[in-house]
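Numbers here simply count residues along the sequence, with the first being 1.
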Amino acid sequence: MCRNRQARILKSEASEVDTPAVVSFTSCGPNSLVPEILKHPGVEILAAYSPVAPVTQSPLDKRFANYIMLSGTSMSRPHAAGTAAYVKSIHLDWFPLAIKSALMTTDNTIMALSPVKAADPGLVYESMKAEYVQFSCNIRYSQEKIEKLLGENATCPESIGEKSSPKDLNYPSMAVFVPPSMPLKVKFCRTVTNVGSANSKYEAKVVTISEINFTATPNALPFNSLKERKSFCVTVEGKALDARMIVSASLLWSDGSHDVRSPIVVYACRSHIGI
């Protein structure tokens, strides 16, 4: 028999400890299904393990253990879920997308989650339902699939042109494929919501070792209240990329108290991601 079940989320207490880091040889994205969305796995994470399962695949290995070091997205997921639960316990009114943004923009230069910083990210990237419908249309989901995801009727525009592409989702990272040997000019536009200080001013800084030009416009975002939203665009310009070439940068919005970091990746190597 089905019963109504309820759970109560209590505010957590924080302590600073070392957290798992992404291994240096990970590509940090893109991924083959949606190249415009960056992802990275967890590597060598201490995880619970069945005491009746062999530690390795070797028939000669008779060892058993309650815990073992494992790698993969399945291993990083519990850490992300735990950090998300911690942030939710402090901000009960935040939606999942705001929490996800907080986790992504406050990590240690894409190396480790920072629960304490994620609880006070300053700015968050939020996408509305209509934006995800458009995103699903841009990656060629059928109307039937989109309606199954939403649980309601949905319609894609009759034509999807260059003005609307997967890279335009209001997502904390920015990535796009560009044809090799063609002059580079790409624009990413995003909107951020102020969840830090009511009166604040964030200034943009782009960190890169590439000779490609990365420019944020405007380069300052003044806020006068909480929940206020501001938009900006990042333009990437430069000479043509050679085949299999990747350029990257990090966009940092800072008000002196909060550092909101977004990775930017532009690549000319579809073979690198298996498509």
Hey, does [Y] have a side-chain heavy atom less than 4.5 Å from the side chain of [X]?
X: Ile264; Y: Ser250; answer: no
X: Val176; Y: Tyr267; answer: no
X: Ser262; Y: Ser173; answer: no
X: Val192; Y: Leu221; answer: yes
X: Leu251; Y: Val234; answer: yes
X: Leu184; Y: Val266; answer: yes
X: Thr193; Y: Leu123; answer: no
X: Pro180; Y: Leu241; answer: no

Discussion item. Distance alone, cut at 3.5 Å: any donor-acceptor contact between the side chains of Asp259 and Ser254?
Written reply: yes
Worksheet item: Do Thr105 and Arg261 get their side chains close enough for a donor-acceptor pair, meaning under 3.5 Å?
Response: no
Let me confirm one number: the [atom1]-[atom2] distance from [X] to [Y], rounded to the nearest 0.5 Å.
X: Tyr132; Y: Asn138; atom1: OH; atom2: CG; answer: 13.0 Å
X: Thr83; Y: Lys117; atom1: OG1; atom2: NZ; answer: 13.5 Å
X: Trp253; Y: Phe232; atom1: CH2; atom2: CZ; answer: 5.5 Å

Worksheet item: Which pairs, with at least one residue in residues 120-129 and sequence neighbours excluded, count as a salt bridge (charged side-chain N to carboxylate O under 4.0 Å, His left out)?
Response: Lys129-Glu152
Response to the item:
So the salt bridge (charged side-chain N to carboxylate O under 4.0 Å, His left out) pairs with at least one residue in residues 174-199 (sequence neighbours excluded) are Lys185-Glu237
Item to complete: Establish, for the pair Lys167 and Phe188, whether the NZ or CZ atom is under 6.0 angstrom from the six-membered ring centre and no further than 45 degrees off its axis.
Response: yes
Check [X] against [Y] and note the closest heavy-atom contact, atom names and distance.
X: Leu103; Y: Ala118; result: CD1-CB, 4.1 Å
X: Pro263; Y: Pro172; result: CD-O, 4.0 Å
X: Asn66; Y: Pro51; result: OD1-CB, 3.4 Å
X: Cys156; Y: Ile146; result: SG-CD1, 3.6 Å
X: Ser200; Y: Asp255; result: CB-OD2, 4.1 Å
X: Val133; Y: Thr155; result: CG1-O, 4.4 Å

Can you list, pair by pair, the side-chain donor-acceptor contacts under 3.5 Å of residues 90-101, counting residues two or more places apart and other chains?
from   : atom 1 : to     : atom 2 : distance (Å)
His91  : NE2    : Ala119 : O      : 2.6
Lys100 : NZ     : Tyr171 : OH     : 3.2
Ser101 : OG     : Tyr125 : N      : 2.8

Worksheet item: Any link between Leu113 and Leu252 through a network of hydrophobic side chains (Ile, Leu, Val, Met, Phe, Trp, Tyr) touching at under 4.5 Å?
Response: no
Worksheet item: Is the number of heavy atoms from other residues, nucleotides or ligands under 6.0 Å of Met128 CE greater than 12?
Response: yes
Using a 3.5 Å distance criterion without hydrogens, assess whether the side chain of [X] forms a donor-acceptor pair with backbone atoms of [Y].
X: Ser142; Y: Lys145; answer: yes
X: Asp242; Y: Met245; answer: no
X: Glu203; Y: Asn219; answer: no

Worksheet item: Could you walk me through whether Leu169 and Gln134 pass the side chain to side chain contact (heavy atoms under 4.5 Å, CB included) check?
Response: CA-CA 8 Å; Leu169 180 67; Gln134 183 64 57; over 6 Å; no
Fill in: Qualifying residues under side chain to side chain donor-acceptor pair (under 3.5 Å), relative to Thr191, sequence neighbours excluded
Ser231
Worksheet entry | Phe223 and Tyr202: CA distance, side-chain angles, deciding distance, side chain to side chain contact (heavy atoms under 4.5 Å, CB included) verdict | CA-CA 8 Å; Phe223 293 92; Tyr202 287 81; 3.8 Å; yes
Worksheet entry | Full working for side chain to side chain contact (heavy atoms under 4.5 Å, CB included) between Ile68 and Val55 | CA-CA 8 Å; Ile68 194 171; Val55 173; 3.6 Å; yes
Discussion item. Before you tell me yes or no, could you show the steps for Asp168 and Phe135 under side chain to side chain contact (heavy atoms under 4.5 Å, CB included), namely the whole-Å CA-CA distance, both residues' side-chain angles and the distance that decides it to 0.1 Å?
Written reply: CA-CA 8 Å; Asp168 296 323; Phe135 173 77; over 6 Å; no
Let me have the donor-acceptor pairs involving side chains of residues 205-214, under 3.5 Å, with sequence neighbours excluded, atom names and distances please.
from   : atom 1 : to     : atom 2 : distance (Å)
Thr208 : OG1    : Ser210 : N      : 3.0
Thr208 : OG1    : Ser248 : O      : 2.8
Ser210 : OG     : Ile212 : N      : 3.0

Practice prompt. Please identify each residue that fulfils salt bridge (Lys or Arg N to Asp or Glu O under 4.0 Å) with Glu228, with sequence neighbours left out.
Written response: Lys230
